[in-house]
Amino acid sequence: MGTEAVPALGLLGSVELPGVAESVGTARRYVRGMLENSGQRDTYDAELLVSELVSNAVRHSESGRAGGLVTVVVANCGETVQIAVGDSGSATCAPRVPAEPDEVAEGGRGLWLVREVALSWGWYEGAVGRIVWFRLARR
């Protein structure tokens, strides 16, 4: 993941995980630990949103193929925290946010949740794949 995904203020940590479903829980625990170690008391929203992004990376990108990897970066931005999830990208699937989630569908709420909960978020194609990031207030 390029340095453009990491704000200048303070890298709290990054971890590279296998592109498998089991990495969702690992990413959630990693983010919780990084934020708690930096003094953040409330980690629920960050855990929820990183779960959604890692799940999307595994399900919808080349990172979900055998040997694929997902990278999670956590940074302190003063009044906010920024979390970025990098994957290997996909030639056939780009991030898409529905106007409203389908109430009967089993999936499709990930980026909708990110949009609704985060202070700001975005995505871009990097040199080695796709990066999706979000910012939350530090609490």
Side-chain angles (χ1 to χ4, degrees):
M1 184 178 309
T3 58
E4 65 274 5
V6 182
L9 261 178
L11 175 65
L12 295 176
S14 68
V15 64
E16 202 169 64
L17 302 169
V20 296
E22 293 79 13
S23 290
V24 173
T26 304
R28 190 172 43 249
R29 288 185 297 278
Y30 179 79
V31 165
R32 180 187 323 125
M34 289 291 101
L35 294 178
E36 286 176 346
N37 287 340
S38 75
Q40 179 130 347
R41 297 178 314 278
D42 181 1
T43 64
Y44 179 80
D45 288 346
E47 291 178 61
L48 171 67
L49 299 185
V50 81
S51 293
E52 294 295 338
L53 294 186
V54 172
S55 179
N56 282 353
V58 169
R59 184 176 295 143
H60 300 297
S61 82
E62 297 299 316
S63 289
R65 292 182 179 239
L69 297 171
V70 176
T71 303
V72 178
V73 177
V74 183
N76 175 4
C77 301
E79 297 297 317
T80 63
V81 61
Q82 181 168 313
I83 298 172
V85 174
D87 62 44
S88 298
S90 170
T92 61
C93 187
R96 184 180 61 81
V97 182
E100 292 293 325
D102 183 341
E103 292 182 22
V104 296
E106 291 183 17
R109 291 175 182 81
L111 289 178
W112 182 83
L113 278 170
V114 172
R115 183 188 72 197
E116 295 298 308
V117 173
L119 293 174
S120 60
W121 78 282
W123 68 276
Y124 58 92
E125 299 293 332
V128 294
R130 182 171 295 138
I131 297 165
V132 182
W133 61 269
F134 63 89
R135 281 193 179 197
L136 296 169
R138 289 187 58 82
R139 296 181 254 187

What's the spacing between [X] [atom1] and [Y] [atom2] if we round to 0.5 Å?
X      : Y      : atom1 : atom2 : value
Glu36  : Asp42  : CD    : CG    : 10.0 Å
Arg130 : Glu62  : CZ    : CD    : 10.0 Å
Ser63  : Asn56  : OG    : CG    : 12.0 Å
Gln40  : Arg32  : CD    : CZ    : 13.0 Å
Phe134 : Leu113 : CZ    : CG    : 11.0 Å
Arg138 : Arg41  : CZ    : CZ    : 9.5 Å

Is there side-chain contact between [X] and [Y], with at least one heavy-atom pair below 4.5 Å?
X     : Y      : value
Val31 : Thr43  : no
His60 : Ser90  : no
Met34 : Val15  : no
Val73 : Ile131 : no
Val24 : Leu17  : no
Asn76 : Ser38  : no

If you take all heavy atoms of [X] and [Y], which pair is closest and at what distance?
X      : Y      : result
Val58  : Ala21  : CG1-N, 3.8 Å
Ala137 : Leu119 : N-CD1, 3.4 Å
Ala46  : Ile83  : CB-CD1, 3.7 Å

Verify same cluster id: Leu69, Trp133 (apolar side-chain graph, 4.5 Å):
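No; Trp133 is not reachable from Leu69 via cluster members.
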Look at the side-chain heavy atoms of Ile, Leu, Val, Met, Phe, Trp and Tyr, link any pair under 4.5 Å apart, and say whether Val20 and Tyr30 land in one connected group.
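In one cluster: no.
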